[in-house]
Amino acid sequence: MNFTNKEGISLVNDLIKTIQENRDYLSKVDGAIGDGDHGINMSKGFTMAEEELKKHSDYNMSEGLMVLSKMLMGKIGGSMGPLYGNLFRGMATVSKDKDIIDSKVVGDMLEKAYSNIASISSAKPGDKTLMDVLDPAVKKYVHEINMNKNMIEALNSMAESADEGLESTKDMVAKIGRASRLGERSRGFQDAGATSCNLILKSFAKSIIKITS
Amino acid sequence: MQRIIKNPDYVVEDMLQGFVKAHGDMVEVSEKNDHVVKYKSAPVKGKVGLVTGGGSGHEPAFLGYVGKNMMDAVAIGEVFSSPTAQAFYDAFLEADSGEGVACLFGNYAGDNMNVKMAIQMAEDDGVTVRYVTANDDVASSPKESKEKRHGIAGGVFMWKIGGAKAALGGNLEEVIQAAQKAVDNTRSVCIGLSPCTIPAVGTPNFSIEEGMMEFGIGHHGEPGTDVGALEKADVIASKMTSAVMDDIELSKDEEIAVIISGLGATPLMELYLLYDEIEKQITSKGPAVYKVFIGNYVTSLDMNGVALTIMKLDAELKELLDFPAESPGIKI
């Protein structure tokens, strides 16, 4: 069960579509305890990547992920630019020399995405951030593969974990970032960064399942 | 939303066009990066380079403090969102004359992340960058966790002092020390009377009931320490003055500098009448007001509200504060 790096470019295109389609949803979630601009900034960065990719129809998945990374880091800024920029850069760097992407490479991509975010953010699970989705989801995927599950089963389990992680942020009090000023008042709302991370991981899983089946 | 806009997603880009047109004698857009504005004469030979940066929507901050004996370059972010690491990095390059760069910015998670990434990039190129973060907002975190406090209008003193020190020939270490001294002696607090609207969002990002006031509100609408009835100016002045003066050791014969900054939608008339009350409160506690700045120095889009900033002075800070400077945001 694998796919070529070339075929994987559809995964990048799907990610762009996912964020564009959820522009208003992400801003609405952010509006409850934040600025309400999360979807706007994310969509702006992903759309710039889409424009850039139109000029390079021969790009493979790794090259496409690198374009996404560069747009987020170079054009969007905020906290989400560097965080997601680093996430996609990690995915791109560990896959760029692989022609064939198998369950092992997918696992490496997810783990590198995780460690790249951990290297620039002090957020821990429980702080009401995207880490509450990323951490359990990546661990779940790796665990399932180690238990000899196939890639599709592992990706489906990862998506379930990402949903559980997102749900868990509703009952948390924000400990980091702008929402932390709300203290107890941040409880009861799901975190915006965790929401976009959930969308990204689920789109990632869905695309791979689609390509390989 | 009752606002003057061309395209809500491009307010920052559109503002920049007008800004450099209006202040073309002093500033220009960087050729390296369209989200960097530089002092026309930067890099100034033999002088430490000064850089600031932050989200837009706080005008005249941050770009308005680029100018003579002030900042050499500024990184410009989206509305209420940190500039990119690339923009900070390009601003460092525009400011650096070979004497190193001091990056003076407000303490927020996104800005910290992007500045630190930019410093890494600059170091790889052999450009030395050091930084100071303003953390003057007393309401943003208790005194015990002062390092978590956000920077608001107090940044103006940090820029003025750091800019003067560099202009007087201070080396990087001395400029950093002077800017840090300004930060250590500066305290601010805000009140909010009505919310603000990010143009691309189109709806206010929080609410304040009619007749109420949010004390200690942040510069992006971060919740304050308490919400209570909107009091008369003398009571507001008393609360604000106590909040900043109780947070710093001040002896009776000291002198302080004051900024009364509107947040974007507050009439100047109200800033002056509030200052009259604030000055009475300050002098009744002992210290004298050496210098005061009243107007829109660091704003929050169309928020109605005001920030009070004080800086405790000594001979060195007085000299640096009085040193001539010229920028769109401040002239001395």
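Keep in mind that this is a model prediction, so the values were computed, not measured. First the proteins, then the strands, lettered A, B, ... as listed; each starts at 1.
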**Q** Closest approach of A:G77 and B:S81, non-hydrogen atoms and distance?
**A** C-OG, 4.4 Å
**Q** Locate the shortest heavy-atom distance separating B:M113 from A:S79; write the atom from each residue and the value.
**A** SD-O, 4.1 Å
**Q** Could you measure the distance from the OG atom of B:S82 to the CE atom of A:M80? Nearest 0.5 Å is fine.
**A** 12.5 Å
**Q** Given a strict heavy-atom distance threshold of 4.5 Å, which part of A:K44 is in contact with chain B: side chain, backbone, both, or neither?
**A**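 Contact with chain B: side chain only.
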**Q** Does anything in residues 87-108 of chain A get under 4.5 Å of chain B by heavy atoms, and if so which residues?
**A**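 None at all.
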**Q** Name the option with the most non-hydrogen atom pairs under 4.5 Å to chain B; the candidates are A:I120, A:I40, A:L72.
**A**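 Between A:I120, A:I40, A:L72, the count favours A:I40.
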**Q** Which bit of B:S141 is near chain A, if near means a heavy-atom gap under 4.5 Å: side chain, backbone, both or neither?
**A**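 Neither part; nothing is under 4.5 Å.
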**Q** Around A:K6, counting heavy atoms of other residues, nucleotides and ligands shown, do more than 12 lie under 6.0 Å from its NZ?
**A**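 Atom NZ in A:K6 is packed in, count exceeds 12.
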**Q** Quick check: closest heavy atoms across B:G224 and A:R185, and the distance to 0.1 Å?
**A**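 Nearest pair, atom of B:G224 first, then A:R185: O-NH2, 4.0 Å.
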**Q** What distance do B:T84 atom OG1 and A:K70 atom NZ have between them, rounded to the nearest 0.5 Å?
**A**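 B:T84 atom OG1 to A:K70 atom NZ measures 14.0 Å (nearest 0.5 Å).
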**Q** Could you look at B:I76 and say if it's the side chain, the backbone, both or neither that has a heavy atom under 4.5 Å from chain A?
**A**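 Neither the backbone nor the side chain of B:I76 comes within 4.5 Å of chain A.
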**Q** More than 12 heavy atoms of other residues, nucleotides or ligands under 6.0 Å from CD of B:E147: is that the case?
**A** yes
**Q** Is it the backbone or the side chain of A:I76 that comes under 4.5 Å from a heavy atom of chain B, or both, or neither?
**A** backbone
**Q** Looking only at heavy atoms, which two atoms of B:M117 and A:P82 are closest? And how far apart?
**A** SD-CB, 3.5 Å
**Q** If you count heavy-atom pairs under 4.5 Å with chain A, which of B:E222, B:K116, B:H35 comes out on top?
**A**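 Option with the greatest count: B:E222.
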**Q** Do other residues, nucleotides or ligands put more than 12 heavy atoms under 6.0 Å from the CD atom of B:E209?
**A** no
**Q** Considering non-hydrogen atoms only, spot the tightest contact between B:V79 and A:D37 and give its length.
**A**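 It is O-OD2, 3.8 Å.
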**Q** Are there over 12 heavy-atom neighbours, none belonging to B:F206, within less than 6.0 Å of that residue's CZ?
**A** yes
**Q** Set out, in order, the CA-CA distance, both residues' side-chain angles and the distance that settles side-chain contact (heavy atoms from CB on, under 4.5 Å) for A:N41 and B:E78, then state yes or no.
**A** CA-CA 8 Å; A:N41 290 336; B:E78 292 292 318; 4.2 Å; yes
**Q** Hey, what do you get for OG1 (B:T203) to NZ (A:K28), rounding to the nearest 0.5 Å?
**A** 11.5 Å
**Q** Report the distance from atom NZ of B:K148 to atom CD1 of A:I176, rounding to the nearest 0.5 Å.
**A**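 Those atoms lie 8.5 Å apart.
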**Q** Should we say atom NZ of B:K6 is surrounded by more than 12 heavy atoms from elsewhere, each under 6.0 Å from it?
**A** no
**Q** What do you reckon, is CD of B:E31 surrounded by more than 12 foreign heavy atoms closer than 6.0 Å?
**A**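 For B:E31, atom CD is not crowded (no more than 12 foreign heavy atoms under 6.0 Å).
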**Q** Tabulate, in ascending numerical order, the residues of residues 101-111 of chain B having at least one heavy atom closer than 4.5 Å to a heavy atom of chain A, or enter 'none'.
**A** B:A109, B:G110
